[in-house]
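Reminder, nothing fancy here: chain letters follow the sequence lines and each chain counts from 1. Worth saying up front: this structure is predicted, and the values here are computed from it rather than measured. Side chains included, hydrogens not; waters and symmetry mates left out as well; all remaining heavy atoms used.
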Amino acid sequence: MKKIVKDKLPSLWEQLSSQATLFLPVEQDGVVNFAPWEEGDSVNLEALNTVVPPKNVVFPQTETYMRFKVENDKLHIEPFEQNGPYVLFGARPCDVAGITLLDKVFLQEPEDGLYSRRRREGTVISVACNEPDAACFCTSFELEPGMAPGADIMVWDMGDYLLWKAQSEKGEKLTGSVENLLQEAAEEEQKAAMELKERVTAKEAAAAQEMGWDPSGVKETLKDMFDSDIWEQFFRRCLGCGICTYICPTCHCFDIQDYSKDQEGGRFRCWDSCMFADFTLMGSGENPRPTRKERVRQRFMHKLCYYPSNFGLYACVGCGRCVRKCPVNLDIAQVIKEVGGVKSGSE
Amino acid sequence: MKQLAEIMKDIAAQSLSRGEVDLVIGWQKGPLWWQSYPAFIEGNEGNGETGSLTWDSFCVPNLSRYLLEELPERKKVALFVKGCDALGFNQILQDKRAEREKVVLYGIPCTGLVDPDKVESAGLGRGLLEVKRDGDELVFVYDSGEQKAQARDFLYDKCLTCRYPNPVVYDQMLGEAAPVQPEERFESVQELEKMDADERFAYWARQFSRCIRCFACRNACPACSCRECIFDIPEPRWLGKANELSETQFYQIIRAYHVAGRCVDCGECTRVCPVNIPLQELNRKFIKDINELYGEYDAGVDPEQEAPLVTYKTDDPAAFTES
Amino acid sequence: MAQNNLLLPQVAVVEEISTETSDIKTFKVASQGGGSPLEFLPGQCAMLSLPPVGEAIFSITSSPTEKDYLEFSIKKTGSVTNFLHEIEEGYQLGVRGPYGNGFPLEMLKGKDLLFIGGGIGLAPLRSLINYCLANRGDYGQVDIVYGARTPDDLVQRAEIFDNWPRASNTNVYLTVDVEWEGWDGHVGFVPQYMEEIGFAPENRIAVTCGPPIMIKFVLEGLERMGFKPEQVITTLELKMKCGVGKCGRCNLGDRYVCKDGPVFTYAELLNLPPEY
Amino acid sequence: MSLAQEQAFEPLIVAFCCNWCSYAGGDLAGTSRMTYPANVRVIRVPCSSRVSPNLILRAFQRGADGVLVAGCHPGDCHYVTGNYYARRRFSAMRRFLEYLGIEQERFEVHWISASEGSKFAAVMGEVTEKIRALGPNRKLRDAR
């Protein structure tokens, strides 16, 4: 394992950004989000979670993929792509797990070329969490706040320095390219990091235990709960906004739209939300999910029942973003608790 | 405040059991200290759920907005209103989206609500179990003990400038009137007005560049009561779905304009914004200008009065040169 | 450039446009160099692209046995379809696909087939009907019950009045919802008419498509006639965008209608949330 | 902006003109052989109060350097009161756009009657020159 002293981080940003686009958690007006790093940006590696997860790096909120032109009644269509190598530094382990869940959707047959190319071109560096907060519950999904198996490089914040461990070929390659800034980590330093990791995991697991969260059986329970009255107590307070879906590391619904000026333009895909009234509204005026009740149910059923039935895993990583940001506290942690407490058939 | 919560529980149980209303909207406590969210209690005696009603420093969501969805299906609905909620209710009345006689309002004098972000920034969030209000002070409760602080330092900015902490409309008032001591509300607007055009543009462009287009500001707003929002209409699609600065500017300008003269200044838009865009400062610009040009007007105070942008006087001044 | 951008359409030409009803037209689409832009199965769909208006998904109404073109019967309902109804022959548009599972051809082999269609719902059925008639030996008796609101709303008139009734061992039963001047055929709703005629369920598969309300009553009627859910096939229409099971819009339980459907047996539908 | 660019800059102005007064004023300017800059694209609307802020913003998004709304003089509205409402709304809108950093001159409102052909030509000329002096507008433009 390697380490980098924190004084050298500015040099690291410079060096990394000279070889690729470097996404870092950047603070602006009190909000920390991943953004392509520029000289003078205020980097915040301490913020537990960015507001928007780094899914927008692998699956941008708006992504133009085609240009078109109508000329002399002829239609010209051309693929359009604007990417290249990038480094994502500072993703939390839950964020990395979120990307792994997106992989299952976008990389399954038929493979989504736009997404897979972005995934190939990026190197993901995860920073372990030393102090998860009350909204965190990643251990409930068998994740560890101190470890991201899906990351190319794993980094632990040890105070004055970051302990650095390459976990993949891509990670080794990037490590080699910044070797000049790294030092070998001593045995006891490595040991300290692993101890910290264990401690943090144990602490969060204990907190989850105390809150009574146990999602493990929910995917089975929910199979019989489509018609349950339980949804009544959730949907009424929902405002129908898209915060939960847009800040969720695993939500991936999108829309496809065109823009144009005169006879030229482009086609893009952009995030969309199953919480929005027009998400399933058809041209005929029919809407299979006409009210907030069906939409709220869809969101939670998809994460906790439908996705697991297809991929074996919950589409939730316990990052706590919806817990922190839902304006009316309609978060997945509460839903898990409520639906887990109701045995099938007892309704 | 515990006392007020008890009164709320009793009154909710009474009005449901007497059949006066078929739904009570109040607040309930969630598992975490900052979670107090809208609660919907129905049925005879509320099926014993009225006991879960709460009132604390986090009961911030405006309940009157829910009338848009709930009222059409109900005979009569009771809800608790803080000062800002009452203004919102009146605005919904003025917009003819609710009938006064179908609603029972229980007024709550409000001494300001606590902004969880301010608690977190002060480093008080770790291990916090509960926040209690004790007069002008807040009591932060931890496993290890309690800590006290001045409440004012932790209130939402919108509460610090609140001019109507006591409901302007109610059927029954619960508790003594709260003191009215608002700070000047147009200060930020004035600061921005002092900048030059390019600075102002850069300021707002930076704010808008963070917008994720979640529409929470619209959906939380008691003045955004259109049955079908112009931003949702597919044909013609006024608002493009791409997250582009130009589209976001379009969205935010039109959103603010649509509530100009009807915005009750409750500040919910700013509160719910996940990326800290100071949306209230957009709405307040309209309020300030309308006050200056067409006379002082407080939306939501009198639902019988006409909103300033749906009326006129023949000798109105203009903000452009008339010739 | 990515070799596998699933969302990228190819340019195709609208060779012929025929007006079916006041709000339905059929479009014949071929590659720029001629020939069908896609290979597909009956019941599959394709995404038509009309920059800058956008994309919409339609079921292919021609049979795969027609190799020179794709046909789409399209009703005016939204921005894309309104635009489509304005274009002229020779217009260039984008096509991508085919999407979806198509009808289970193996399962239909050797069976008597009962088609029940309403209005524009004939579009996907027509592909299968013509496919079966082109491979007549593989299937038993073919019965087609088709109706629309008025006689003027019936589509594919040449086929429903002439071609299909003349095919061997094939019956066509037409009906309209309301009495109409000049119409001396059956008057009444499709589901009732279907039950009036009566079809034995033995060795028969029913395939239905039409407005949701019609499908609802057809399913009930088929059940009364003794059809098992496994013998009934329908095709769903939900809002779709990507066509490849990723954008989430047509998610129905753990299925995606664009990819796992749009064709489902009634038995499969009973296991899915009723959100269609 | 370099001098060459500045000289090359031809502003694009979108003028929403009320059918009954200002558009007729424009017609009169035309039939009277008065000239005004070709930079102005006139869009005929039934009344100045029909012009929604959506239209104003859309014009800026699609490349307008300045937007003008022209209607009947207060008191002369064909629909009696339309321009009184317009006066309030566009006053609020104009100040709001300025608050967002859009120079005031880029959004103007003028009252031009059907008989004021020369005023129509003069206003179009003035507006064009003001915008020319300000330079191109990028502030609300859709850059795609």
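When each of A:Asp255, A:Leu281, A:Leu330 is checked for heavy-atom pairs under 4.5 Å with chain B, A:Asp255 comes out on top. Among the candidates B:Gly125, B:Gly240, B:Pro234, B:Ala242, the residue making the largest number of heavy-atom pairs closer than 4.5 Å to chain A is B:Ala242. Heavy-atom pairs under 4.5 Å with chain A peak, among B:Leu128, B:Asp232, B:Ile212, at B:Ile212. Most heavy-atom pairs under 4.5 Å with chain A: of the set B:Gln207, B:Glu244, B:Arg65, this distinction falls to B:Gln207. Across A:Ile243, A:Asp278, A:Thr291, the residue that shares the most heavy-atom pairs under 4.5 angstrom with chain B is A:Ile243. Interface check for chain B: of the options A:Asn56, A:Val323, A:Asp29, A:Val328, the most heavy-atom pairs under 4.5 Å are formed by A:Asp29. When each of A:Lys325, A:Glu131, A:Gln257 is checked for heavy-atom pairs under 4.5 Å with chain B, A:Glu131 comes out on top.
For the pair B:Arg218 and B:Phe215, the distance from NZ or CZ to the six-membered ring centre is under 6.0 Å and the angle to the ring normal is within 45 degrees.
The residues A:Asp95 and A:Arg92 are annotated as not salt-bridged, no charged nitrogen and carboxylate oxygen being separated by less than 4.0 angstrom. Remark: A:Arg236 does not engage B:Glu69 in a salt bridge, criterion side-chain N to carboxylate O under 4.0 Å. Using a cutoff of 4.0 Å between basic side-chain nitrogens and carboxylate oxygens, B:Lys76 and B:Asp22 are not scored as salt-bridged.
Contact of A:Gln28 with chain B is made through backbone and side chain together, with heavy-atom distances under 4.5 Å. At a 4.5 Å heavy-atom cutoff, the contact between B:Pro274 and chain A is made by backbone and side-chain atoms alike. A:Asp272 touches chain B through its side chain: at least one heavy atom from C-beta onward sits under 4.5 Å away, while N, CA, C and O do not. For a residue to count as touching a neighbouring chain, one of its non-hydrogen atoms must lie under 4.5 Å from one of that chain's; by this rule B:Glu268 does not touch chain A. For a residue to count as touching a neighbouring chain, one of its non-hydrogen atoms must lie under 4.5 Å from one of that chain's; by this rule A:Tyr259 does not touch chain B. Contact of B:Ser36 with chain A is made through the backbone alone, with heavy-atom distances under 4.5 Å. For chain A, the nearby part of B:Leu32 is the side chain; its heavy atoms alone come within less than 4.5 Å. With a 4.5 angstrom heavy-atom cutoff, A:Cys270 touches chain B only via side-chain atoms. Contact annotation for B:Glu70: only side-chain heavy atoms (C-beta onward) come within less than 4.5 Å of a heavy atom of chain A.
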>> Go through it in stages, so that I can follow the logic: the residues are A:Arg321 and A:Thr50, the test is side chain to side chain donor-acceptor pair (under 3.5 Å), and I'd like the CA-CA distance, side-chain angles, deciding distance and then a yes or no.
In response: CA-CA 9 Å; A:Arg321 284 184 173 88; A:Thr50 50; 3.1 Å; yes
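A donor-acceptor pair under 3.5 Å is formed between the side chain of A:Asn287 and the backbone N or O of A:Arg289.
For A:Phe59 and A:Tyr115, the ring centers sit 6.0 Å or farther from each other. Aromatic ring centres of A:Phe234 and B:Tyr37 lie farther apart than the 6.0 Å criterion allows. In this structure, B:Phe208 has its ring center closer than 6.0 angstrom to the ring center of B:Trp204.
Between B:Trp33 and B:Phe58, the ring planes are perpendicular. Angles over 60° get that label, and only those under 30° would be called parallel.
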